[in-house]
Amino acid sequence: MTPDDECSDLLKSLRRGDPLALAELYDRFAGRLYRVALRMLGHPAAAEDAVQEVFLGVLKVRLRLGNLEDLPAYLFCSLRRAVGRIQANRHRWQAVEHTDRENPENWAPQATPCETMWSDSVLQALKRLPPEQQEVVLLKIEGELTFAEIATALGISPNTAASRYRYALQKLRQYLCAQGE
Amino acid sequence: MQPLPDELSFTEQLLKSLPRATPSAELRERILVQAKKDLEVERRNRQTRWMIFGSAWIFLVCLLLTWTQGIRLKAAAPPASPADFADMQSRGRQVPFFRGDLDLHETVHGDLGIPLELP
């Protein structure tokens, strides 16, 4: 059975409202979605909220999904929207809450304990990329998507996705070389 | 797609070697519990929708029956003519004669003051 057939079967079960199908969908995609969300939002709790929103959203619109051809691209596209909503809310909260104004690091990316000095400089370089290139890199590396899937998720052509990725790698290399000197 | 040059492949490997975070174990449980709740709410909403739909149908059927039976009755009973009306009035006047507890004198000269019309 090909991955496409598996996704199609999974969608059929999901359409029937089978909670086991959602569990299977979670087991298959949650890790990748979480990593992308974490890199975009920089906060584990916010990343978990985004992932939860994606899965519950899929459950809600399951009858309207029809014959979805690219399930991973759809999930990552939903994740992008969820991340956008959370970022918008975060800005609203920061504008309202006094504590957040005083401590802007509250929502700053948190490094996991196992992150080394080297990975820290890679992450710093990653944050300096333009948003559209950063997004492609995250979807490719953390989301493990193909260029075709990235193109579907972002609404661009696969060639554009590939060239953004290449430019991003070139820039990252330049940043890292500059840091090494 | 063209393969990446060596220096870019190395950068790609660097990115791939970044530590991989995993979602907490509670997240799965939280999502599945919430999904079950959402499905239950959805099922109840669907039931309510069907009940409203069924009630609306029953009401419409009753309305249709009342309407059609009204039409049927109108069609079965022809409208009253002026002659029928006069006949009804004269019958109305004769009604007291059928009351057993009134005598003839009382009927003719009583409070009713209805003149005696013998056939």
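Quick note on labels: first sequence line is chain A, next is B, and so on, each numbered from 1. Both backbone and side-chain heavy atoms feed into the values below; hydrogens, waters and symmetry mates do not. Values in this document were obtained by computation on a predicted structure and should not be read as measured data.
- Applying the side chain to side chain donor-acceptor pair (under 3.5 Å) test to A:Gln134 and every residue at least two apart in sequence or in another chain returns nothing.
- A:Val54 approaches A:Ser78 most closely through the heavy-atom pair CG2-C, 3.9 Å.
- Contact count versus chain B (heavy atoms, under 4.5 Å) is highest, among A:Leu33, A:Leu172, A:Leu56, A:Val137, for A:Leu56.
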- Item | Verdict with reasoning, A:Glu48 to A:Arg35, per salt bridge (charged side-chain N to carboxylate O under 4.0 Å, His left out) | CA-CA 10 Å; A:Glu48 286 191 354; A:Arg35 281 193 291 274; over 6 Å; no
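- Along residues 41-63 of chain B, the residues that come nearer than 4.5 angstrom to chain A, judged on non-hydrogen atoms, are B:Glu42 in order of number.
- Of the two parts of A:Leu126, only the side chain, counted from C-beta on, holds a non-hydrogen atom closer than 4.5 Å to a non-hydrogen atom of chain B.
- Counted by atom type alone, A:Tyr165 and B:Glu12 present one or more donor-acceptor pairs between their side chains at under 3.5 Å.
- Side-chain polar atoms of A:Ser157 and A:Thr160 form a donor-acceptor pair below 3.5 angstrom.
- Across all their heavy atoms, A:Gln133 and A:Tyr167 have their closest contact at NE2-CB, 3.7 Å.
- Between A:Arg28 and A:Glu24, at least one side-chain nitrogen of the basic residue sits less than 4.0 Å from a carboxylate oxygen of the acidic one, meeting the salt-bridge criterion.
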- Can you list the steps and then say if A:Ile156 with A:Phe147 is a side-chain contact (heavy atoms from CB on, under 4.5 Å)? CA-CA 10 Å; A:Ile156 53 176; A:Phe147 286 123; over 6 Å; no
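- Here the options are A:Arg90, A:Arg80, A:Glu53, the test is side-chain contact (heavy atoms from CB on, under 4.5 Å), and the partner is A:Arg85; only A:Glu53 passes.
- Listed for the A:Arg62 side chain is a donor-acceptor partner under 3.5 Å among the backbone atoms of A:Leu14.
- Not one N or O on the side chain of B:Arg91 forms a donor-acceptor pair closer than 3.5 Å with the backbone of B:Met88.
- Contact annotation for residues 22-35 of chain B against chain A (heavy-atom separation below 4.5 Å, listed by residue number): B:Thr22, B:Pro23, B:Ser24, B:Leu27, B:Arg28, B:Arg30, B:Ile31, B:Leu32, B:Gln34, B:Ala35.
- Summarising the geometry of A:Ala50 relative to A:Leu41, their closest heavy-atom pair is CB-CD1, 4.2 Å, with the distance given to 0.1 Å.
- Listed in order of number, the residues of residues 64-71 of chain B that approach chain A to under 4.5 Å between heavy atoms amount to none.
- Closest of all the heavy-atom pairs between A:Tyr74 and A:Val58 is CE2-CG2, 3.8 Å.
- Side-chain contact check for A:Glu149 versus A:Phe76: every heavy-atom pair is 4.5 Å or farther apart.
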